[in-house]
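Each residue takes its place number in the sequence, starting with 1. What you see below is based on every heavy atom in this structure, not just the backbone, and it leaves out hydrogens, waters and symmetry mates.
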Amino acid sequence: MHRSTASPTHPSGRTLGLGLALVSAFAFGGSGTAAKPLIEAGLSPLHVVWLRVTGAAVALLPIAYRHRDAVLRRPGLLLGFGLLAVAGVQACYFAAISRIPVGVALLIEYLGPPLLIGYVRFVQRRPISRGAALGAGVAVAGLACVVEVWNGLSFDALGVLFALGAAFCQVGYFLLADAGRRGDRPVDPLAVSAFGLLIGAVLLTVFTRPWQADWSLLGGSVVMNGHALPALLPAAWMVLIATVLAYLTGVVSVGYLSPPVAGVVANLEAVVATVLAWVLLGEHLGLPQVTGGLLVLAGAFAAQTSKPPTAEAGAGAGAGAEVGEGSAAGAAGSSAPSGATASRAAVAARERVAAADRGVSGRSSRTSRGD
(Lines give C-alpha, C1' and ligand atoms only; values in the text may rest on other atoms or scores of the structure.)
Protein backbone atom coordinates (compact mmCIF):
# COMPACT_ATOMS: atom_id res chain seq x y z
CA MET A 1 0.00 0.00 0.00
CA HIS A 2 1.42 3.31 -1.01
CA ARG A 3 1.28 6.27 1.30
CA SER A 4 -1.35 8.78 0.35
CA THR A 5 -0.40 12.34 -0.30
CA ALA A 6 -3.78 13.63 0.86
CA SER A 7 -3.48 16.12 3.65
CA PRO A 8 -5.60 15.84 6.81
CA THR A 9 -6.49 19.49 6.29
CA HIS A 10 -7.95 18.63 2.89
CA PRO A 11 -11.61 17.52 3.01
CA SER A 12 -10.96 14.32 1.05
CA GLY A 13 -8.10 13.31 3.35
CA ARG A 14 -10.10 13.94 6.51
CA THR A 15 -13.10 12.09 5.08
CA LEU A 16 -10.98 9.06 4.27
CA GLY A 17 -9.33 9.19 7.69
CA LEU A 18 -12.70 9.42 9.42
CA GLY A 19 -14.02 6.49 7.41
CA LEU A 20 -11.02 4.34 8.32
CA ALA A 21 -11.27 5.34 11.99
CA LEU A 22 -14.95 4.42 12.05
CA VAL A 23 -14.25 1.04 10.43
CA SER A 24 -11.56 0.45 13.03
CA ALA A 25 -13.86 1.37 15.93
CA PHE A 26 -16.65 -0.85 14.61
CA ALA A 27 -14.24 -3.74 14.05
CA PHE A 28 -12.65 -3.43 17.50
CA GLY A 29 -16.11 -3.16 19.04
CA GLY A 30 -17.05 -6.63 17.85
CA SER A 31 -14.19 -8.38 19.64
CA GLY A 32 -16.03 -8.88 22.93
CA THR A 33 -19.17 -10.19 21.25
CA ALA A 34 -17.13 -12.76 19.33
CA ALA A 35 -14.99 -13.70 22.32
CA LYS A 36 -17.78 -14.26 24.86
CA PRO A 37 -19.16 -17.52 23.34
CA LEU A 38 -15.63 -18.93 23.25
CA ILE A 39 -15.07 -18.01 26.90
CA GLU A 40 -18.41 -19.52 27.89
CA ALA A 41 -17.41 -22.71 26.04
CA GLY A 42 -14.39 -23.15 28.29
CA LEU A 43 -11.46 -21.08 26.98
CA SER A 44 -9.97 -18.65 29.49
CA PRO A 45 -10.05 -14.93 28.63
CA LEU A 46 -6.26 -14.82 28.35
CA HIS A 47 -6.20 -17.78 25.97
CA VAL A 48 -8.86 -16.09 23.83
CA VAL A 49 -6.68 -12.97 23.69
CA TRP A 50 -3.67 -15.08 22.67
CA LEU A 51 -5.74 -16.74 19.93
CA ARG A 52 -6.88 -13.34 18.71
CA VAL A 53 -3.43 -11.75 18.53
CA THR A 54 -1.54 -14.81 17.30
CA GLY A 55 -4.13 -15.61 14.63
CA ALA A 56 -3.93 -12.02 13.38
CA ALA A 57 -0.13 -12.14 13.39
CA VAL A 58 -0.16 -15.29 11.26
CA ALA A 59 -2.66 -13.71 8.85
CA LEU A 60 -0.37 -10.70 8.43
CA LEU A 61 2.83 -12.69 7.86
CA PRO A 62 2.81 -11.90 4.09
CA ILE A 63 2.73 -8.16 4.88
CA ALA A 64 5.51 -8.56 7.43
CA TYR A 65 7.65 -10.43 4.89
CA ARG A 66 7.03 -7.81 2.21
CA HIS A 67 8.11 -5.02 4.60
CA ARG A 68 10.86 -6.99 6.36
CA ASP A 69 13.30 -4.10 5.90
CA ALA A 70 11.28 -2.19 8.52
CA VAL A 71 12.91 -4.32 11.22
CA LEU A 72 16.29 -2.78 10.42
CA ARG A 73 14.98 0.73 9.79
CA ARG A 74 12.83 1.27 12.90
CA PRO A 75 13.26 -1.66 15.33
CA GLY A 76 12.47 0.44 18.38
CA LEU A 77 9.19 1.66 16.91
CA LEU A 78 8.02 -1.87 16.06
CA LEU A 79 9.03 -3.22 19.45
CA GLY A 80 7.25 -0.38 21.23
CA PHE A 81 4.07 -0.89 19.21
CA GLY A 82 4.04 -4.61 19.95
CA LEU A 83 4.77 -4.04 23.64
CA LEU A 84 2.31 -1.19 24.25
CA ALA A 85 -0.37 -1.18 21.56
CA VAL A 86 -0.83 -4.95 21.42
CA ALA A 87 0.43 -6.87 24.46
CA GLY A 88 0.31 -4.00 26.97
CA VAL A 89 -3.32 -3.01 26.37
CA GLN A 90 -4.53 -6.61 26.53
CA ALA A 91 -2.52 -7.65 29.59
CA CYS A 92 -3.31 -4.53 31.63
CA TYR A 93 -7.02 -4.63 30.78
CA PHE A 94 -7.48 -8.27 31.79
CA ALA A 95 -5.43 -7.73 34.94
CA ALA A 96 -7.71 -4.77 35.75
CA ILE A 97 -11.02 -6.61 35.28
CA SER A 98 -9.79 -9.36 37.58
CA ARG A 99 -9.87 -6.80 40.43
CA ILE A 100 -12.41 -4.08 39.52
CA PRO A 101 -15.76 -4.09 37.65
CA VAL A 102 -15.57 -4.31 33.87
CA GLY A 103 -17.41 -0.99 33.41
CA VAL A 104 -14.96 0.86 35.63
CA ALA A 105 -11.99 -0.72 33.86
CA LEU A 106 -13.40 0.25 30.45
CA LEU A 107 -14.00 3.83 31.53
CA ILE A 108 -10.46 4.21 32.88
CA GLU A 109 -8.96 2.58 29.79
CA TYR A 110 -10.84 5.00 27.56
CA LEU A 111 -9.31 7.92 29.37
CA GLY A 112 -6.61 7.32 26.77
CA PRO A 113 -7.80 10.08 24.37
CA PRO A 114 -7.82 12.82 27.06
CA LEU A 115 -4.41 11.61 28.24
CA LEU A 116 -3.24 11.70 24.63
CA ILE A 117 -4.45 15.28 24.26
CA GLY A 118 -2.59 16.24 27.43
CA TYR A 119 0.59 14.57 26.20
CA VAL A 120 0.48 16.26 22.80
CA ARG A 121 -0.31 19.67 24.31
CA PHE A 122 2.02 19.78 27.33
CA VAL A 123 4.82 17.30 26.52
CA GLN A 124 5.15 17.62 22.75
CA ARG A 125 3.94 21.25 22.97
CA ARG A 126 1.78 20.97 19.87
CA PRO A 127 -1.47 22.89 19.49
CA ILE A 128 -4.77 21.05 20.08
CA SER A 129 -7.99 22.10 18.41
CA ARG A 130 -10.82 23.15 20.71
CA GLY A 131 -13.08 20.60 19.03
CA ALA A 132 -10.76 17.69 19.87
CA ALA A 133 -10.50 18.74 23.53
CA LEU A 134 -14.25 19.30 23.85
CA GLY A 135 -15.02 16.08 22.00
CA ALA A 136 -12.78 14.06 24.33
CA GLY A 137 -14.54 15.43 27.41
CA VAL A 138 -18.02 14.77 26.04
CA ALA A 139 -17.02 11.27 24.89
CA VAL A 140 -15.67 10.32 28.33
CA ALA A 141 -18.89 11.53 29.96
CA GLY A 142 -20.84 9.44 27.48
CA LEU A 143 -18.68 6.39 28.19
CA ALA A 144 -19.47 6.68 31.89
CA CYS A 145 -23.13 6.26 30.94
CA VAL A 146 -22.50 3.48 28.41
CA VAL A 147 -20.68 1.27 30.93
CA GLU A 148 -22.98 2.40 33.81
CA VAL A 149 -19.94 3.11 35.92
CA TRP A 150 -22.09 3.83 39.00
CA ASN A 151 -23.18 0.17 39.20
CA GLY A 152 -20.76 -1.78 41.36
CA LEU A 153 -18.39 1.14 41.70
CA SER A 154 -15.53 0.07 43.93
CA PHE A 155 -11.97 1.09 44.54
CA ASP A 156 -9.04 -1.27 44.29
CA ALA A 157 -5.76 0.57 44.01
CA LEU A 158 -3.97 -2.16 42.06
CA GLY A 159 -6.94 -2.68 39.73
CA VAL A 160 -7.13 1.04 39.01
CA LEU A 161 -3.39 1.11 38.30
CA PHE A 162 -3.75 -1.75 35.82
CA ALA A 163 -6.62 0.07 34.09
CA LEU A 164 -4.54 3.25 33.93
CA GLY A 165 -1.76 1.15 32.44
CA ALA A 166 -4.16 0.09 29.69
CA ALA A 167 -5.05 3.76 29.10
CA PHE A 168 -1.38 4.76 28.77
CA CYS A 169 -0.77 1.83 26.43
CA GLN A 170 -3.67 3.09 24.33
CA VAL A 171 -1.92 6.46 24.16
CA GLY A 172 1.14 4.61 22.89
CA TYR A 173 -0.95 3.04 20.14
CA PHE A 174 -1.82 6.41 18.60
CA LEU A 175 1.55 8.08 19.19
CA LEU A 176 3.55 5.21 17.71
CA ALA A 177 1.17 4.87 14.76
CA ASP A 178 1.81 8.55 14.06
CA ALA A 179 5.57 8.30 14.70
CA GLY A 180 5.92 5.59 12.08
CA ARG A 181 5.30 8.16 9.33
CA ARG A 182 7.83 10.63 10.67
CA GLY A 183 11.57 11.02 10.46
CA ASP A 184 14.04 10.10 7.75
CA ARG A 185 13.02 6.42 7.81
CA PRO A 186 9.22 6.24 7.69
CA VAL A 187 7.58 2.83 8.02
CA ASP A 188 4.47 1.76 6.15
CA PRO A 189 1.52 1.66 8.61
CA LEU A 190 0.68 -1.86 7.45
CA ALA A 191 4.17 -2.95 8.51
CA VAL A 192 3.69 -1.32 11.92
CA SER A 193 0.51 -3.35 12.44
CA ALA A 194 1.97 -6.61 11.14
CA PHE A 195 5.18 -6.54 13.18
CA GLY A 196 3.39 -5.11 16.21
CA LEU A 197 1.02 -8.07 16.26
CA LEU A 198 3.91 -10.51 15.75
CA ILE A 199 5.83 -9.04 18.67
CA GLY A 200 2.67 -8.89 20.78
CA ALA A 201 1.96 -12.56 20.05
CA VAL A 202 5.44 -13.57 21.21
CA LEU A 203 5.13 -11.54 24.42
CA LEU A 204 1.64 -12.86 25.18
CA THR A 205 2.81 -16.44 24.63
CA VAL A 206 5.19 -16.07 27.58
CA PHE A 207 2.41 -14.94 29.94
CA THR A 208 -0.64 -16.90 28.74
CA ARG A 209 0.97 -20.37 28.26
CA PRO A 210 -1.34 -21.38 25.39
CA TRP A 211 -0.20 -25.01 25.51
CA GLN A 212 -2.33 -25.40 28.64
CA ALA A 213 -5.60 -24.58 26.83
CA ASP A 214 -8.05 -27.13 25.42
CA TRP A 215 -8.03 -26.04 21.78
CA SER A 216 -10.23 -28.97 20.75
CA LEU A 217 -13.13 -26.68 21.73
CA LEU A 218 -12.65 -24.86 18.42
CA GLY A 219 -13.75 -28.00 16.58
CA GLY A 220 -17.14 -28.00 18.30
CA SER A 221 -20.04 -25.61 18.67
CA VAL A 222 -20.69 -22.59 20.85
CA VAL A 223 -23.91 -20.85 21.85
CA MET A 224 -24.66 -17.22 20.97
CA ASN A 225 -27.96 -15.82 22.26
CA GLY A 226 -29.51 -19.28 22.36
CA HIS A 227 -28.34 -20.32 18.90
CA ALA A 228 -25.64 -22.94 18.26
CA LEU A 229 -22.94 -22.14 15.71
CA PRO A 230 -19.48 -23.51 14.85
CA ALA A 231 -16.84 -22.24 17.26
CA LEU A 232 -14.58 -21.38 14.34
CA LEU A 233 -17.04 -18.73 13.16
CA PRO A 234 -16.69 -16.31 16.11
CA ALA A 235 -12.99 -17.19 16.30
CA ALA A 236 -12.47 -16.23 12.65
CA TRP A 237 -14.47 -13.01 13.13
CA MET A 238 -12.42 -12.11 16.18
CA VAL A 239 -9.12 -12.69 14.35
CA LEU A 240 -9.84 -11.33 10.87
CA ILE A 241 -12.30 -8.52 11.57
CA ALA A 242 -11.84 -7.48 15.20
CA THR A 243 -8.04 -7.63 15.03
CA VAL A 244 -6.57 -7.66 11.51
CA LEU A 245 -9.02 -5.19 9.97
CA ALA A 246 -9.25 -3.15 13.18
CA TYR A 247 -5.50 -2.63 13.55
CA LEU A 248 -4.82 -1.99 9.86
CA THR A 249 -7.53 0.63 9.42
CA GLY A 250 -6.85 2.20 12.82
CA VAL A 251 -3.14 2.72 12.23
CA VAL A 252 -3.67 4.07 8.71
CA SER A 253 -6.39 6.47 9.88
CA VAL A 254 -3.96 8.26 12.22
CA GLY A 255 -2.07 9.52 9.17
CA TYR A 256 -5.15 11.30 7.84
CA LEU A 257 -6.45 12.54 11.18
CA SER A 258 -4.34 13.82 14.05
CA PRO A 259 -3.71 11.31 16.88
CA PRO A 260 -6.04 13.20 19.31
CA VAL A 261 -8.92 13.21 16.82
CA ALA A 262 -8.39 9.54 15.92
CA GLY A 263 -8.33 8.74 19.62
CA VAL A 264 -11.67 10.43 20.28
CA VAL A 265 -13.30 8.64 17.33
CA ALA A 266 -11.95 5.35 18.73
CA ASN A 267 -14.20 5.82 21.77
CA LEU A 268 -17.04 4.64 19.54
CA GLU A 269 -15.65 1.14 20.09
CA ALA A 270 -17.34 0.94 23.49
CA VAL A 271 -20.67 2.02 22.00
CA VAL A 272 -20.40 -0.55 19.20
CA ALA A 273 -19.52 -3.26 21.71
CA THR A 274 -22.57 -2.43 23.82
CA VAL A 275 -24.95 -2.37 20.85
CA LEU A 276 -23.61 -5.65 19.43
CA ALA A 277 -23.93 -7.29 22.84
CA TRP A 278 -27.55 -6.14 22.89
CA VAL A 279 -28.34 -7.37 19.37
CA LEU A 280 -26.30 -10.60 19.21
CA LEU A 281 -26.03 -11.67 22.84
CA GLY A 282 -29.38 -10.42 24.14
CA GLU A 283 -27.82 -8.19 26.79
CA HIS A 284 -29.99 -5.36 28.11
CA LEU A 285 -29.50 -1.85 26.73
CA GLY A 286 -31.01 0.79 29.02
CA LEU A 287 -31.71 4.50 28.71
CA PRO A 288 -28.39 5.56 30.33
CA GLN A 289 -26.47 3.53 27.76
CA VAL A 290 -28.45 4.97 24.86
CA THR A 291 -27.87 8.48 26.21
CA GLY A 292 -24.18 7.76 26.72
CA GLY A 293 -23.88 6.42 23.18
CA LEU A 294 -25.34 9.63 21.80
CA LEU A 295 -22.85 11.65 23.87
CA VAL A 296 -19.95 9.61 22.53
CA LEU A 297 -21.20 10.18 18.99
CA ALA A 298 -21.48 13.90 19.69
CA GLY A 299 -17.93 13.98 21.07
CA ALA A 300 -16.54 12.13 18.05
CA PHE A 301 -18.40 14.47 15.70
CA ALA A 302 -17.10 17.55 17.50
CA ALA A 303 -13.53 16.24 17.34
CA GLN A 304 -13.43 15.27 13.68
CA THR A 305 -15.23 18.36 12.37
CA SER A 306 -12.88 20.81 14.10
CA LYS A 307 -10.24 22.57 12.06
CA PRO A 308 -6.59 21.64 12.73
CA PRO A 309 -5.23 24.29 15.13
CA THR A 310 -2.28 25.25 12.94
CA ALA A 311 -4.61 25.91 10.04
CA GLU A 312 -6.76 28.10 12.28
CA ALA A 313 -3.66 29.98 13.35
CA GLY A 314 -2.59 30.40 9.75
CA ALA A 315 -6.01 31.77 8.81
CA GLY A 316 -5.78 34.18 11.71
CA ALA A 317 -2.38 35.31 10.52
CA GLY A 318 -3.78 35.91 7.05
CA ALA A 319 -6.62 38.00 8.45
CA GLY A 320 -4.17 39.94 10.56
CA ALA A 321 -2.06 40.63 7.50
CA GLU A 322 -5.10 41.95 5.66
CA VAL A 323 -5.86 44.29 8.55
CA GLY A 324 -2.23 45.33 8.64
CA GLU A 325 -2.35 46.15 4.93
CA GLY A 326 -5.36 48.39 5.36
CA SER A 327 -3.81 50.11 8.36
CA ALA A 328 -0.53 50.66 6.56
CA ALA A 329 -2.28 52.13 3.53
CA GLY A 330 -4.37 54.41 5.72
CA ALA A 331 -1.35 55.57 7.64
CA ALA A 332 0.55 56.13 4.44
CA GLY A 333 -2.24 58.22 2.99
CA SER A 334 -2.54 60.46 6.01
CA SER A 335 0.89 60.89 7.48
CA ALA A 336 3.56 59.34 5.25
CA PRO A 337 6.15 61.82 4.07
CA SER A 338 6.01 60.54 0.50
CA GLY A 339 4.03 58.35 -1.89
CA ALA A 340 7.03 56.01 -2.20
CA THR A 341 6.83 55.15 1.49
CA ALA A 342 3.14 54.32 1.16
CA SER A 343 3.84 52.15 -1.87
CA ARG A 344 6.57 50.23 -0.06
CA ALA A 345 4.27 49.64 2.92
CA ALA A 346 1.46 48.39 0.70
CA VAL A 347 3.80 46.03 -1.18
CA ALA A 348 5.19 44.66 2.09
CA ALA A 349 1.68 44.09 3.39
CA ARG A 350 0.66 42.24 0.24
CA GLU A 351 3.72 40.03 0.55
CA ARG A 352 2.70 39.15 4.11
CA VAL A 353 -0.78 38.20 2.89
CA ALA A 354 0.67 35.99 0.14
CA ALA A 355 3.05 34.33 2.59
CA ALA A 356 0.20 33.62 4.99
CA ASP A 357 -1.92 32.18 2.18
CA ARG A 358 0.90 29.91 1.13
CA GLY A 359 1.33 28.78 4.73
CA VAL A 360 -2.34 27.81 4.99
CA SER A 361 -2.99 26.17 1.64
CA GLY A 362 0.40 24.60 1.01
CA ARG A 363 0.88 22.63 4.20
CA SER A 364 1.63 18.94 3.97
CA SER A 365 -0.09 16.06 5.75
CA ARG A 366 1.85 16.91 8.92
CA THR A 367 -0.02 20.16 9.47
CA SER A 368 -2.46 18.91 12.09
CA ARG A 369 0.37 17.54 14.18
CA GLY A 370 2.25 20.79 14.39
CA ASP A 371 5.36 19.79 12.43
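- With a 4.5 Å cut-off on side-chain heavy atoms, Leu203 and Leu83 count as touching.
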Take Tyr173 and Leu84 through the test side-chain contact (heavy atoms from CB on, under 4.5 Å) and record every step on the way to the result.
CA-CA 7 Å; Tyr173 168 87; Leu84 297 177; over 6 Å; no
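- Residues Val223 and Leu229 form no side-chain contact, since every pair of their non-hydrogen atoms from C-beta on lies 4.5 Å or further apart.
- Annotation: side chain of Thr205 is in contact with side chain of Pro210 (closest heavy-atom distance under 4.5 Å).
- Contact annotation: the side chain of Met238 approaches that of Leu38 to within less than 4.5 Å [non-hydrogen atoms, C-beta and beyond].
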What do the steps show when you test Phe81 against Phe195 for ring pair (Phe, Tyr, Trp, His ring centres under 6.0 Å), and what is the final call?
CA-CA 8 Å; Phe81 193 85; Phe195 281 105; over 10 Å; no
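- Atom CZ of residue Arg73 and atom CG of residue Asp184 lie 11.0 Å apart, to the nearest 0.5 angstrom.
- Other residues, nucleotides and ligands contribute at most 12 non-hydrogen atoms within 6.0 Å of the CZ atom of Phe26.
- Separating the CG atom in Leu204 from the CG atom in Leu51 is a distance of 11.5 Å, to the nearest 0.5 Å.
- Here the shortest heavy-atom pairing between Arg126 and Arg182 reads NH1-NH2, 2.9 Å.
- Inter-residue side-chain proximity for Leu43 and Trp215 is flagged as met; some heavy-atom pair is nearer than 4.5 Å.
- A heavy-atom distance below 4.5 Å is found between the side chains of Tyr119 and Leu175.
- Leu18 places none of its side-chain heavy atoms less than 4.5 Å from the side chain of Thr15.
- Nearest heavy-atom pair across Leu77 and Ala179 is CD1-CB, 4.2 Å.
- Annotation: the span from Ser44 atom OG to Trp50 atom CH2 amounts to 11.5 Å, rounded to 0.5 Å.
- Interatomic distance, OH of Tyr247 versus CZ of Phe28, reported as 5.0 Å (0.5 Å rounding).
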